[in-house]
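Counting convention: from 1, in listed order, for ligands and their atoms alike. Since the structure is predicted, the reported quantities are computational estimates derived from the model, not experimental observations.
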Amino acid sequence: MKRKMEKLPQIEGKSIVESLNHLCKQHPGEVVFTTSFGYEDQVVTDIICRNNLPVNIVTLDTGRLFEETYKVFNRTIEKYKINIKTYHPSGKSVGKLLEEKGPFSFYESVENRKECCYIRKVEPLKKALSGNKIWITGLRSDQSDNRQALAPVEWDNGFGIIKYNPLHDWTLEHVKSHIKEYHVPYNVLHDRGFVSIGCAPCTRAIQPGDDFRAGRWWWENNSKKECGLHSQGK
Ligand code: SF4
């Protein structure tokens, strides 16, 4: 059963750190940040860790990530001396998918791709969000047309949780300069033309001027370039 929309917290006029502090005080132990170790997520991790904010930092290991992503995962836990709780897809569901459709079924249809994303991302995300009241993301509004209307705080109807998007009005240049200024570890794939980095078989580098999400599921022409994590409606 879907959870009813809850009253959104008031953070107008507060800085990111003040907002995070406020949310952590209002919901102790129930604030979660999901990272996939991309540029934006690394900025959020850096802000959380440098300010010792009591946020649960978690990640989803789909089983199909780039080696470079695991490397930045490792550099992050080493630099900040933190534990990042990792959620995995159900072995039974992955086994069934592989047995019935093989390891590259996602190239065959949007339906198959969404099935794989559901098993490897959406189901683990449900577990990761369970028991939390606030979900912090690294989303920015200029990442894609679908995200233009992104608000700093919003209700995620699909997962039944309040979302806080601290970087909602940041530009990519702003993100990069934070990474540089604070020596934040980042995924080296960003230096090779990758912007939005997901699973290895479904992500490629883009050309200057391409849409931010053009490197994700590039073989799909008409689908919304979302995997079900951030497309559940408000
Ligand atoms: S991005 Fe590709 S490999 Fe990863 S879960 Fe989605 S379809 Fe599967």
- [ ] Check the side chains of Thr86 and Asp61 for a donor-acceptor pair under 3.5 angstrom, ignoring hydrogens and angles.
- [x] no
TODO: Output the list of atoms in ligand 1 that are nearer than 4.0 Å to some heavy atom of Cys202, sorted by atom number.
DONE: 1 (S), 2 (Fe), 3 (S), 7 (S)
- [ ] Sort out for me which residue in Asp156, Asn165, Thr34 forms a side chain to side chain donor-acceptor pair (under 3.5 Å) with Thr137.
- [x] Asn165
- [ ] Tell me which part of Lys121 gets within contact of ligand 1: side chain, backbone, both or neither, using heavy atoms under 4.0 Å.
- [x] side chain
TODO: With Glu115 as reference, evaluate Arg120, Lys101, Lys121 under the salt bridge (Lys or Arg N to Asp or Glu O under 4.0 Å) test and give the passing residue.
DONE: Lys101
Task: NZ or CZ of Arg64 within 45° of Phe104 ring axis and under 6.0 Å - done: yes
Task: Rounded distance (nearest 0.5 Å) linking atom OH of Tyr186 with atom CG of Asp191 - done: 3.5 Å
Open item on the list: Side chain, backbone, both or neither: which applies to Cys116 and ligand 1 if a contact is any heavy-atom pair less than 4.0 Å apart?
Closed with: both
TODO: Taking both backbone and side-chain atoms into account, decide whether Cys117 has an N/O/S atom under 2.8 Å from atom 4 (Fe) of ligand 1.
DONE: no
Open item on the list: Tell me the contacting part of Arg120 for ligand 1: side chain, backbone, both, or neither, using a 4.0 Å heavy-atom threshold, strictly below.
Closed with: side chain
